[in-house]
A.B. asks: 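Before we start, here is the structure in question, set down as structure tokens.
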Amino acid sequence: MFLFTKKGDVIMKVSFHGHSVVKVETKGKTILFDPFITGNGQTDLKVEDVKPDVIILTHGHGDHLGDTVQLAKEHDSLVIANAELSTYLSWQGVRTHGMSIGGAYEFDFGRVKLTQAFHGTGFTTENKEIIYLGMPAGVLLMAEGKTVFHAGDTGLFGDLKLIGERHPIDLAFLPIGDNYTMGPEDAALAAKFLQAKQVVPMHFNTFPQIEQDPHRFIDLLEGQNGKVLQPGESIEL
Ligand code: NI
Ligand code: MN
């Protein structure tokens with residue numbers, strides 16, 4: 001069957017759910033980024049109300065991995081993550097698809113490409129061990145000519161320009177919390193580098209270390225269109 005898309009049709013509905021939780025609804029599928037719901041004081045979601053077909057993880061830190069294992073097992077969700085993290089999750093009985101930075105893959109809901117992120121990643125056990133969980137990433141999700149970029153956790157880096165040049169981005173989610181990631185000033189420059197049509201701040205106010213006024217980030221933007229989304233609000237592309 002061939003689906004015609006008219007101009008003005010909604011291709012993706014993209015919702016922000018606090019911290020780095022982003023939901024994309026496209027082609028009848030629900031795709032959830034970094035589903036940190038339990039213990040996330042910024043989210044409007046309840047674990048029992050979410051039914052993701054697909055979960056995409058930027059990295060393995062607890063505030064991104066979140067409720068992935070429970071959700072994936074309950075709903076037979078496909079979990080897309082870097083190769084090490086996806087192997088680690090497959091050992092827990094989760095259906096996974098491993099990728100690496102720079103690689104793209106065509107899924108039935110769209111094309112996913114992992115990009116660089118400057119950050120750490122690891123799972124800390126009760127025995128004071130840290131399990132390495134691969135390279136942290138940003139994620140490009142492309143469907144029918146629309147592109148959403150989820151930057152994951154990262155500091156500012158110059159190759160965000162390259163990502164923006166290679167991929168016209170309609171909507172970018174950028175961390176602004178500082179301390180663990182870019183702060184508002186660096187995130188504003190990241191927005192400029194990416195040349196995204198719209199940018200939305202994420203990864204702030206969840207913990208005392210990342211308290212920020214997201215409107216200050218919007219004020220710092222130079223020529224980019226920025227919007228603060230309240231948890232539960234969405235943008236249609
Ligand atoms: Ni992190
Ligand atoms: Mn984080």
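Reckoned from all heavy atoms, side chains included, excluding hydrogens, waters and symmetry mates. Numbering of ligands and ligand atoms starts at 1, following listing order.
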A.B. asks: Measure the CD-CD distance between Q42 and Q230 for me, rounded to the nearest 0.5 Å.
C.D. replies: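 With rounding to 0.5 Å, CD (Q42) is 9.0 Å from CD (Q230).
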A.B. asks: Going by side-chain hydrogen bond (donor to acceptor under 3.5 Å, both in side chains), name the pairs with one or both residues in residues 186-200, residues two or more places apart or in two chains.
C.D. replies: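 Matches after skipping sequence neighbours: D170-K197, K192-E222.
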A.B. asks: Can you tell me how far apart CG (D108) and NZ (K29) are? Round to the nearest 0.5 Å.
C.D. replies: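 Separation between the atoms: 3.5 Å.
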A.B. asks: Could you enumerate the protein N, O or S atoms under 2.8 Å from the Ni ion (ligand 1), written like residue then atom name?
C.D. replies: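 Listed by chain and number: H59 NE2, H61 ND1, H119 NE2, D153 OD2.
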A.B. asks: Under 2.8 Å from the Mn ion (ligand 2), how many protein N/O/S atoms do you get? Just the number, please.
C.D. replies: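 Count of protein N, O, S atoms less than 2.8 Å from the Mn ion (ligand 2): 4.
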A.B. asks: Find out whether P35 and I55 are in side-chain contact, i.e. whether some heavy atom of one side chain is under 4.5 Å from a heavy atom of the other.
C.D. replies: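 Counting from C-beta outward, P35 and I55 do come under 4.5 Å.
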A.B. asks: At what distance, to the nearest 0.5 angstrom, does NE2 of H19 lie from OG1 of T206?
C.D. replies: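 Spacing of NE2 (H19) from OG1 (T206) equals 4.5 Å.
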A.B. asks: Do you know which of H64, H203, H59 makes side chain to side chain donor-acceptor pair (under 3.5 Å) with D34?
C.D. replies: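 In the set H64, H203, H59, the residue that makes a side chain to side chain donor-acceptor pair (under 3.5 Å) with D34 is H64.
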A.B. asks: Mind checking what makes side chain to side chain donor-acceptor pair (under 3.5 Å) contact with H167, not counting sequence neighbours?
C.D. replies: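 Applying side chain to side chain donor-acceptor pair (under 3.5 Å) to H167 gives K113.
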A.B. asks: Mark yes or no for whether T96, through its side chain, and V79, through its backbone, hold a donor-acceptor pair below 3.5 Å.
C.D. replies: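 No, T96 side chain to V79 backbone: no donor-acceptor pair under 3.5 Å.
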A.B. asks: Give me the atom names and distance for the closest heavy-atom approach of P136 to T121.
C.D. replies: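 Here P136 and T121 meet closest at CD-CG2, 3.9 Å.
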